[in-house]
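Some notes on the structure that comes next.
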Amino acid sequence: MIKKAINEFRNTLEILETINIDIDNVDITRVFEKYLEQELLFESGKRRKEFPDAFIIESIKEKMKSDSGMTMIVVSEDKGFLEVLSRSENCITFESLDKFLDYINSEIDKEYETLALKLNNTKDSFKDSIEEMLEYPDFNSITTSYENVEYDEVKITNVKVVEIDEIMLNRIT
């Protein structure tokens, strides 16, 4: 079960296109300077526990510098860790996975509302497309029935888009 869980986790990381950030590019001198200068990165009384975080933060900053178009999302319960990273323009921080997922859902809701508004504003375009389609000769050769009586000749005199009900989105990127 553990192997299966690890494999599923790795598959999820691949699907999400996650990357590993190497700490080899971190300037050790800069980390020690920040340590000695007692910058905000190190909370008082927790310096030894916070020291490894300094390398993680510096490696994240280096990665963001090397790829300026990248937006990085960091989820952590460590307030000091998040405070330092939140100062970076292209870094979005969240205190919990729940808050991150709420953010994603709110963004999807915004996209959905925007798309729904656009579609509702295109009723005339839908109507025109339907009317244009009805002009094809093959369409007028349909047979329809009403109360068990078949009609071979159907004449459509008016087309009106009354309402666009539900919009189904398969994917938002």
Side-chain angles (χ1 to χ4, degrees), residues 1-126 128-129 161 163-173:
M1 287 180 70
I2 292 172
K3 286 181 183 178
K4 183 178 179 184
I6 290 171
N7 285 337
E8 285 182 23
F9 178 71
R10 286 183 178 143
N11 288 339
T12 302
L13 292 178
E14 282 182 34
I15 290 167
L16 295 174
E17 298 178 21
T18 57
I19 57 170
N20 290 322
I21 300 174
D22 198 353
I23 64 168
D24 290 345
N25 297 329
V26 173
D27 183 351
I28 296 171
T29 306
R30 186 174 20 190
V31 174
F32 277 108
E33 286 172 358
K34 289 181 179 186
Y35 179 77
L36 294 172
E37 292 170 9
Q38 298 182 8
E39 283 194 21
L40 183 65
L41 173 62
F42 302 103
E43 296 175 23
S44 61
K46 295 183 180 181
R47 292 177 133 220
R48 212 164 59 185
K49 290 181 180 178
E50 295 291 330
F51 196 72
D53 287 352
F55 284 93
I56 295 170
I57 288 171
E58 288 302 316
S59 64
I60 291 172
K61 286 181 174 182
E62 286 299 316
K63 181 64 179 171
M64 287 190 294
K65 280 182 195 173
S66 69
D67 191 351
S68 61
M70 172 189 286
T71 298
M72 191 165 295
I73 296 172
V74 178
V75 179
S76 175
E77 292 180 351
D78 187 323
K79 290 182 184 357
F81 187 85
L82 292 178
E83 189 172 335
V84 172
L85 288 173
S86 68
R87 294 180 197 153
S88 301
E89 287 181 31
N90 50 346
C91 188
I92 304 169
T93 60
F94 295 94
E95 297 171 357
S96 69
L97 193 54
D98 285 342
K99 289 184 179 184
F100 172 57
L101 294 174
D102 287 344
Y103 169 78
I104 290 173
N105 286 330
S106 70
E107 290 299 307
I108 289 172
D109 287 345
K110 287 178 195 171
E111 292 288 327
Y112 180 85
E113 288 170 16
T114 302
L115 184 59
L117 183 63
K118 285 180 182 177
L119 287 175
N120 278 315
N121 288 336
T122 60
K123 284 182 182 178
D124 289 338
S125 176
F126 284 140
D128 293 343
S129 296
V161 178
E163 181 181 348
I164 298 174
D165 227 7
E166 283 272 333
I167 299 166
M168 186 176 120
L169 300 178
N170 292 326
R171 181 176 184 173
I172 295 177
T173 55

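Proximity of L101 to F94: side-chain heavy atoms (C-beta onward) are nowhere separated by under 4.5 Å. Looking at heavy atoms from C-beta onward, I6 lies in side-chain contact with I2 at the 4.5 angstrom threshold. Taking the side chain as every heavy atom from C-beta outward, M64 and T71 never approach each other to under 4.5 Å. Inter-residue side-chain proximity for C91 and V74 is flagged as met; some heavy-atom pair is nearer than 4.5 Å. Within the 4.5 Å cutoff, side-chain heavy atoms of M72 are placed close to those of I21. Within the 4.5 Å cutoff, side-chain heavy atoms of I60 are placed close to those of F81. Contact of the E107 side chain with the E111 side chain is not registered, since no non-hydrogen atoms from C-beta on lie closer than 4.5 Å. At least one side-chain heavy atom of I28 sits under 4.5 Å from a side-chain heavy atom of F55.
By the side chain to side chain contact (heavy atoms under 4.5 Å, CB included) test, D67 is found to be paired with M70, residues two or more places apart in sequence or in another chain being considered. Here I15 pairs with nothing under the side chain to side chain contact (heavy atoms under 4.5 Å, CB included) rule; sequence neighbours left out. By the salt bridge (charged side-chain N to carboxylate O under 4.0 Å, His left out) test, R30 pairs with E58, E62, sequence neighbours left out. Every side chain to side chain contact (heavy atoms under 4.5 Å, CB included) that T114 has, sequence neighbours left out, goes to K118. Here E113 pairs with nothing under the salt bridge (charged side-chain N to carboxylate O under 4.0 Å, His left out) rule; sequence neighbours left out. Scored by the side chain to side chain contact (heavy atoms under 4.5 Å, CB included) test, T18 finds L13, L16 as partners (sequence neighbours excluded).
The NZ atom of K61 sits 7.0 Å away from atom CZ of R87, with the distance rounded to the nearest 0.5 Å. Distance check, rounded to the nearest 0.5 Å: CD1 of I57 to CD of E83 gives 10.0 Å. Residue I92 holds its CD1 atom at 12.5 Å from CG of L82, rounded to the nearest 0.5 Å. A distance of 12.5 Å separates NZ of K99 from CG of L97, quoted to the nearest 0.5 Å. Once rounded to the nearest 0.5 Å, the distance linking CD1 of I56 with OG of S76 reads 9.0 Å. Between the CD1 atom in I73 and the CG atom in L85 there is a gap of 13.0 Å [rounded to 0.5 Å].
Crowding of I104 atom CD1: a count of heavy atoms from other residues, nucleotides or ligands under 6.0 Å exceeding 12.
Contact between V31 and A54 at its shortest, heavy atoms only, is CG1-CB, 3.6 Å.
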